[in-house]
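Nothing here was measured: the structure is a model prediction, and the numbers come from that model. Count residues from 1 along the sequence.
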Amino acid sequence: MIGVIRNMINLDILHNAEGRELEDEGRDLFCSLDFNCFGRLNHVRLLDIDPEGLHSPNDHLEIDYIIPVGNFCILGEITARSGERAVSRKYSRFRRQYDLLTRLDWNDNLLTTIGIPQDQHWKFSDIQGFRGVYISTQFEKIDLELAEVGGMVCLYKSDLTQLTSYGNSIGKYYRNHLLHLFDIDLQPQNAIRINQTHHNLMILSNKRIVGTSPSRVNLFSFDISPYEIIPFSFVYRRDQLPTLITSVSEMYQRPLLPKKLNAIRRDLLQSPEFIFPNSILVVLSEDSSFSRNQLIIPQSADAISIIDGQHRLFSYAEADVEERMSENSKIMVTAIQLIGATHQEIIELSAKAFIEINRNQTKIKPSHIDSIAYDILGDTNPRAISANVLLKVNVENRTSALFCLFSTNQSSLGIISPSTIITHLKTIFNREMIERLVNTREGSAGYSRMLGYMNLFDSENILELSQPEILIQKGQACIIRFFNLVR
């Protein structure tokens with residue numbers, strides 16, 4: 001049975017449903033992202049599709065979703081099981097059945113047997129590769145130990161939250177980014193070419209845009225149809241999606257807000273000639289280039305990172321708006337190209353630019369800033385170091401009393417808010433205070449405090465504690481030692 005979207009995807013149902021209800025909601029989620037998702041498959045015996053296999057007569061096919069995408073086929077399983085071992089066992093079974101299906105001949109007989117309607121068989125006529133997706137609605141990645149083998153992607157509770165947000169707010173326009181997660185690229189290997197004649201391109205070369213950064217950039221200004229850049233525009237986020245992006249530390253943006261999108265869309269639908277009077281701000285990937293008076297942007301899912309204006313851009317990502325605006329729509333863009341930068345340097349500058357732009361506009365929660373202050377923003381103040389220590393001890397050692405103890409987006413198991421503890425920890429993770437103790441005289445109050453710091457952090461050299469990396473490393477050991485004593 002292929003999914004048909006009835007209404008908005010209900011996140012509460014996805015997080016709380018079980019069995020067939022959960023499977024149907026998961027199928028509708030994929031359909032909201034413009035995938036042909038087949039669910040309610042036949043509960044066939046494995047011996048009926050693989051007669052020569054070493055299967056028990058009671059072994060049945062337990063795949064929830066089959067999604068043909070170009071010449072790939074994604075096989076999926078969703079589970080609401082709340083026990084870690086139960087989720088792991090189900091994952092192992094899914095992997096075995098995934099391996100089996102990838103070895104079979106996907107002919108009409110197989111498709112009919114597993115429950116694909118006859119009139120839909122043509123969608124599987126050119127399958128050349130497979131991908132797998134396993135979804136746990138109750139756990140985060142750190143809560144489980146699931147090995148992601150080649151071709152297999154695991155999604156967790158917060159991933160589901162994010163996908164539901166995208167499905168409900170921009171739908172099919174997020175499809176390309178989800179395919180990027182599966183390493184499926186259906187886009188033509190071309191490039192967006194921007195010039196003065198067609199896009200009013202202007203350039204300012206070799207500038208500095210963030211006061212605390214030595215990086216030099218080229219600044220471009222141009223206008224373009226939003227539909228040319230939406231498929232390749234990506235918003236780095238520090239919300240609830242640890243795994244749709246390379247690492248947790250890369251995610252600092254806030255989610256798309258449906259109410260804000262809908263308000264903007266109402267303005268767009270009133271007039272096809274509407275244009276926003278201010279530019280969106282983006283950072284270009286390291287693969288972008290400027291040559292012969294042309295700005296060249298690769299057509300890849302992460303080519304354009306949106307720093308400011310994501311609601312303006314993605315307000316166009318709606319079927320009625322696209323039909324109404326057609327070829328008349330334009331959006332103004334200010335694009336930053338870091339000169340000679342690596343991928344990590346681009347991430348860091350993007351975050352710094354976002355914080356500086358938004359600090360005095362819509363209020364950014366302190367937790368957003370705390371979580372990226374050290375790794376991304378490069379802050380070494382006491383609060384930044386304290387937050388980094390807590391983030392590390394929360395996930396690095398499964399045998400520690402601290403493992404997943406703090407309530408962060410790293411895990412669904414945390415029970416203690418880190419903000420209060422950070423407030424107290426910052427009084428001891430103070431590098432300026434430590435540096436003032438380096439040359440204190442023996443017998444003085446400062447000397448006693450210096451010995452206290454050295455004892456606390458198990459250090460033989462007070463000077464080394466003024467180095468952020470060492471202070472964080474020693475601080476982790478100190479916090480773990482304390483909590484293990486009181487456990």
Side-chain angles (χ1 to χ4, degrees), residues 142 210-215 238 247-249 252 342 344-345 347-349 351-352 355-356 359 366-408 410 414 416-487:
I142 192 63
V210 177
T212 58
S213 172
S215 301
R238 175 55 119 168
S247 70
V248 175
S249 62
Y252 58 85
T342 64
Q344 182 61 32
E345 288 170 339
I347 292 171
E348 291 175 2
L349 184 95
K352 290 175 180 177
I355 295 297
E356 290 202 3
R359 193 185 296 271
S367 59
H368 281 282
I369 298 177
D370 286 343
S371 58
I372 63 172
Y374 180 77
D375 284 336
I376 297 298
L377 301 182
D379 288 346
T380 58
N381 60 57
R383 188 173 185 90
I385 290 179
S386 301
N388 194 260
V389 168
L390 282 192
L391 287 171
K392 283 182 165 62
V393 299
N394 202 40
V395 298
E396 287 195 354
N397 187 347
R398 287 182 173 270
T399 64
S400 168
L402 287 166
F403 184 72
C404 293
L405 179 65
F406 301 107
S407 180
T408 71
Q410 298 163 307
I416 298 177
S417 172
S419 59
T420 302
I421 295 178
I422 289 172
T423 300
H424 293 287
L425 285 181
K426 68 181 185 180
T427 61
I428 62 173
F429 287 103
N430 190 322
R431 292 174 55 248
E432 292 184 3
M433 171 67 73
I434 293 171
E435 288 173 352
R436 287 200 296 268
L437 299 175
V438 172
N439 296 315
T440 52
R441 298 191 320 274
E442 186 172 354
S444 66
Y447 188 78
S448 297
R449 181 173 291 182
M450 179 188 72
L451 294 178
Y453 263 101
M454 293 171 63
N455 180 60
L456 179 65
F457 291 109
D458 192 24
S459 172
E460 296 181 357
N461 182 357
I462 187 65
L463 186 59
E464 71 173 2
L465 295 178
S466 65
Q467 301 176 43
E469 284 293 335
I470 293 179
L471 183 58
I472 288 172
Q473 180 185 354
K474 296 281 189 180
Q476 288 176 248
C478 171
I479 299 298
I480 291 173
R481 187 168 61 249
F482 172 78
F483 272 86
N484 281 338
L485 285 174
V486 300
R487 177 166 55 174

| query | Could you state the interatomic distance from OG1 (Thr440) to CZ (Arg449), rounded to the nearest 0.5 Å? | reply | 10.5 Å
| query | Is it the case that Lys426 and Asn430 place a side-chain donor and acceptor less than 3.5 Å from each other? | reply | no
| field | Atom of Ile462, atom of Tyr453 and distance for their closest heavy-atom approach | value | CD1-CB, 3.9 Å
| remark: For Arg431 and Thr380, the nearest pair of non-hydrogen atoms, with its separation, is NH1-OG1, 3.1 Å
| task | Sort and list the pairs that fulfil ring-ring contact (aromatic ring centres under 6.0 Å, His included) and have at least one residue in residues 417-439, not counting sequence neighbours. | result | Phe429-Phe457
| Which atom pair, heavy atoms only, marks the closest approach of Asn461 to Met454? | N-CE, 3.9 Å
| query | Say you draw a straight line from CD1 of Ile480 to NZ of Lys392; how long is it, rounded to the nearest 0.5 Å? | reply | 12.0 Å
| message | Do Ser386 and Val389 have side chains that approach each other closer than 4.5 Å (heavy atoms only, starting at C-beta)? | response | no
| query | Does Gln473 CD have over 12 foreign heavy atoms under 6.0 Å away? | reply | no
| request: Identify which one of Asn381, Asp379, Ile385 satisfies the side-chain contact (heavy atoms from CB on, under 4.5 Å) criterion when paired with Arg383. | output: Asn381
| message | Side chains of Ile479 and Leu425, heavy atoms from C-beta outward: is any pair under 4.5 Å? | response | yes
Contacts under 3.5 angstrom, residues 432-439 side chains, donor-acceptor by atom type, not counting sequence neighbours:
none

